[in-house]
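Before any comments, here is the structure.
Here is how names work: the chains are called A, B, and so on, in the same order as the sequence lines, proteins then strands, and each is numbered from 1. Everything quoted here is computed from the prediction, not taken from an experiment.
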Amino acid sequence: MSTYLDSLNEPQRQAVLQKDGPMIIIAGAGSGKTRVLTYRIAHLMKQGVDSFNILSLTFTNKAAKEMKARIAGVVGNSESRNLWMGTFHSVFARILRTEADKLGFPTNFTIYDSQDSVRLISAIIKEKNLNREQYKPKQILGRISSFKNSLITVKAYFNNPDLQEADLHASRPEVGNIYRTYVDRCFKAGAMDFDDLLLRTNELLARFPETLAKYQDRFRYIMVDEYQDTNHSQYIIVRALADKFGNICVVGDDSQSIYSFRGANIQNILNFQKDYPDVKTFKLEQNYRSTSNIVNAANSVIEKNKTKLDKEVWTSNDPGDAINVMRTISDGEEGRFVAQSIWENQMNHQLTPDDFCVLYRTNSQSRAIEDALRKKGIDYKIYGGISFYQRKEIKDILSYLRILINPNDEEALKRIINYPARGIGATTIDRLTIAANHYKKSIFDVIKYIDKIDLKINTGTKNKLRNFMNMMQSLQIESQTKNAFEIAETVVKKAQLIKDLEKDGTPEAVSKVENVQELLNGIKDFITDKIEEGGDTSLTTFLEDVALATDFDAKKDDDKPSVSLMTIHQSKGLEYMYVYIVGLEESLFPSAMSMNTRSELEEERRLFYVAITRAEKVAYLSYAQTRYRWGKLVDAEPSRFLEEIDDQYLNYITPKSTNPAINNFVDKSIFDDAPKGIRFQKPIQRKKMERDLVKKKEIIIPKNLKKVSQTTAKANLFDGNIVVGNFVEHNRFGTGEVIALEGNGPNKKAEIKFGTVGKKKLLLQFAKLKVIG
DNA sequence: CTCTTCAGAATTTTT
DNA sequence: TTCTGAAGAG
């Protein structure tokens, strides 16, 4: 038998060997899911399944890329290349490109990102003279998005009295009309938004049976990763495609479903067994990633959720350290604690920055952490927030490129028609828009035929419009012969984009120029990569890649080792040796928006579960007592999630001083009189909603019991049972002899002579020493 | 039409 | 605190 099968455990192997029919793999955190998926695909190919017939849907493009590389390692590059692999959005965007004409879209349709969508909705609200307070563009987009994800078209909306009533009730009777106009305008602009990529795919498969049949025949084996995070629209696509052959394999973990806010429906995974009665179920329950303390602590949290599949994640790994809990005075101090701790752990365990990761609930929390890391001189990279391609200077250039491909792209046109400033103001754009709507033409066409249309625009402005049009048309001509990089370069030059920035001279402008440079380099890389792969080097493909790239995909790996900072959502599927989860405070995590219903709270809890299970060796949880929010200092209380972890897996540390200059840990003695008070002070006031939960908890967890376990945990941590002369084992340095002890409490250090690395002084608090004699 | 200034919102999470 | 959009002056 092939070697790759030998490296799998029994359930893993069975899942890999199961070839035909519907199957579900319930994969606990860290249970080797990716290995199974990879090997299963490789195995299918070894058994003679044509790689063209395998469709594999992943959660990020990066995941797809990595998986492809690993499969290539087993079956070879030339075969793996043909696999259909990617996110739902990118795979179906690719299919829509070839089928777009059936739906009345141009093949070079634009993909609107959320910013484009919000701007368009904003414009529509303005045109309809609606109150911006009542109709907040972002909220309206959210509503429209949820319609689309549930396959509620405009027509379906107007056929559904309940939905209309709901909007009427929310004093937003115009939602339906905004929806209609929005869809219309997207269609006219030859643009699809993110949700359209799925909705229109559904439309395609539903309206054109022969097209459905074509793709059913092509995708004989379908695999869906992170199935717990699929929405209804995705669910229907998968069902339709798998309907003929029924070779559908879904992989997921209901405990890690964290995307319901964007329409993910956890019922998809919970009901899979009902959808396919002859389904084969495989459970991967052994965790290979984390210490047993981490696994058990995570389990003790997720147990509190009611809706879940039956599964027991376990590990045979060592207990490892207890999970450290840290209270700080402020968010600033929290940052310093994290930075200090990372620094110490790095020194004491010979680690590099990329062994560490800091996770938070909201992007805005990153600032305090960044500041502290920067001060300590620790390299870090930050994921999320505003992605590279969303930056103004970058989007402006991309908008030029978008128009060259699709002149009807209204959002792109509105962005750059007066950037850099060329004297075409709001009034003119309004008039052009009105004319465009009147003649049922795009704004671009109206400008093109400006002399043939009667417009109330004065000659000076008309000239400016003509100049703009001349430039765009000459760029269009050049784009016929030049490659994506050359076009972009020409655009930057002709539109004088860099010049505009350079005359500014501010440091911000300088960094913008650098970003533009980086974009150009990026396009160059894109082209060389694609030539290597034998892929499509067109500008269209580049723009599509850009539109669908996640922040992860955009990041380069080859940077120097650095600490990773990201939201918990983004950490899905990743693992780090040391994980810091910060901001464990009520109203922040769980988020204030998610404390009102049980299902929302359960999702926050799953999010917490995901966070903990990212850690391989050591996890730190921290919370601050005060935090800046909107520039104001706000009091915070510890998150309920801290109380939900079984105390036996926890370990409380607290800094000595609130003085930022002093970062040493406290003498142990201050713990003795304080633990209860310091930790979960009972809130003076709780909202009605929470009160029941709190009461319940007080009954379940007897306080005195809690106190006892705390003390033991601490004692073990700092003192250990180590004496001079002991032989100890360290997981990095191997075995050594303790030759001296110094310091007290958390500062207690042991000097150890190791066979491999010589003498080392290690903080007992951090060194995971096992006494072996 | 452009540039500056000022008030008010913003922080859940993202393809 | 930082960003955005509106309003007013030139």
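Considering only residues two or more places apart in sequence or on other chains, A/E99 meets the salt bridge (charged side-chain N to carboxylate O under 4.0 Å, His left out) condition with A/K102, A/K214.
With respect to the salt-bridge test (charged N to carboxylate O, under 4.0 angstrom), the residues A/K414 and A/E411 qualify.
Looking at heavy-atom distances under 4.0 Å, A/T362 makes contact with sugar-phosphate atoms alone, never a base. Note on A/N418: only backbone sugar-phosphate atoms sit closer than 4.0 angstrom, heavy atoms only; bases stay farther off. The residue A/K138 sits close only to the backbone: its heavy atoms come under 4.0 Å of sugar-phosphate atoms, none of a base. Residue contacts for A/F88: at a heavy-atom cut-off of 4.0 Å it reaches no nucleic acid atom on any strand shown. As judged by a 4.0 angstrom heavy-atom cut-off over every strand, A/S90 is placed among residues making no nucleic acid contact. Across all strands shown, A/T427 has heavy atoms under 4.0 Å from sugar-phosphate atoms exclusively, and none from any base.
In A/K304, the NZ atom is crowded: over 12 heavy atoms of neighbouring residues, nucleotides or ligands sit closer than 6.0 Å.
Between A/E544 atom CD and B/dT15 atom C1' there is a gap of 13 Å when expressed in whole angstrom units. Atom-to-atom, CD of A/Q139 to C1' of B/dA10 comes out at 13 Å; the value is rounded to the nearest Å. Protein atom CD1 of A/I258 is 11 Å distant from nucleotide atom P of B/dT15, rounded to whole Å. Here B/dT14 presents its P atom at 19 Å from CD1 of A/I111, a figure rounded to the nearest Å. Here B/dT12 presents its C1' atom at 9 Å from CZ of A/R629, a figure rounded to the nearest Å. Nucleotide B/dT15 holds its P atom 14 Å from the CG atom of A/D545, rounded to whole Å. Rounded to whole Å, atom P of B/dT14 lies 21 Å from atom NZ of A/K148. Taking atom CD of residue A/Q115 and atom C1' of nucleotide B/dT14, one finds them 14 Å apart after rounding to whole Å.
Nearest to the side chain of A/F194, among B/dC1, B/dT13, B/dT15, sits B/dT15. In this structure, the nucleotide among B/dT2, B/dT14, B/dT11 sitting nearest to the side chain of A/Q570 is B/dT14. The side chain of A/N363 lies closest to B/dT13, out of B/dT13, B/dT11, B/dT12. Side-chain proximity of A/T428 to B/dT14, B/dC1, B/dT2: nearest is B/dC1. The side chain of A/W630 approaches B/dT11 more closely than any other nucleotide in the set B/dT11, B/dT12, B/dT14.
Side-chain polar atoms of A/N515 and A/E393 form a donor-acceptor pair below 3.5 angstrom. With no hydrogens or angles considered, no side-chain donor-acceptor pair links A/D225 and A/T58 at under 3.5 Å. Between the side chains of A/T540 and A/N108, no donor-acceptor pair is found at a separation under 3.5 Å. Under the 3.5 Å distance criterion, with hydrogens and angles disregarded, no donor-acceptor pair is assigned to the side chains of A/S114 and A/S117.
Screening A/R402, A/R415, A/R185 against A/D116 for a salt bridge (charged side-chain N to carboxylate O under 4.0 Å, His left out) leaves a single residue, A/R402.
Of the two residues contacting DNA chain B, namely A/T461 and A/A547, the nearest-nucleotide position lying further toward the 5' end is that of A/T461. Two residues, A/K464 and A/E600, neighbour DNA chain B, and the one matched to the more 5' nucleotide by heavy-atom proximity is A/K464.
Between the side chain of A/R262 and the base of B/dT15, no donor-acceptor pair of N or O atoms lies under 3.5 Å.
On the C1' atoms, B/dT13 is 22 Å away from C/dT4, given to the nearest whole Å.
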Using a cut-off of under 3.5 Å, enumerate the N/O to N/O pairs linking the protein to nucleotides 2-8 of chain C.
none

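Taking the six-membered ring wherever Trp is involved, the centroid distance between the rings of A/Y360 and A/Y580 does not fall below 6.0 Å.
Phosphate proximity of B/dT14 to A/T567: present, with a side-chain N or O under 4.0 Å from OP1 or OP2.
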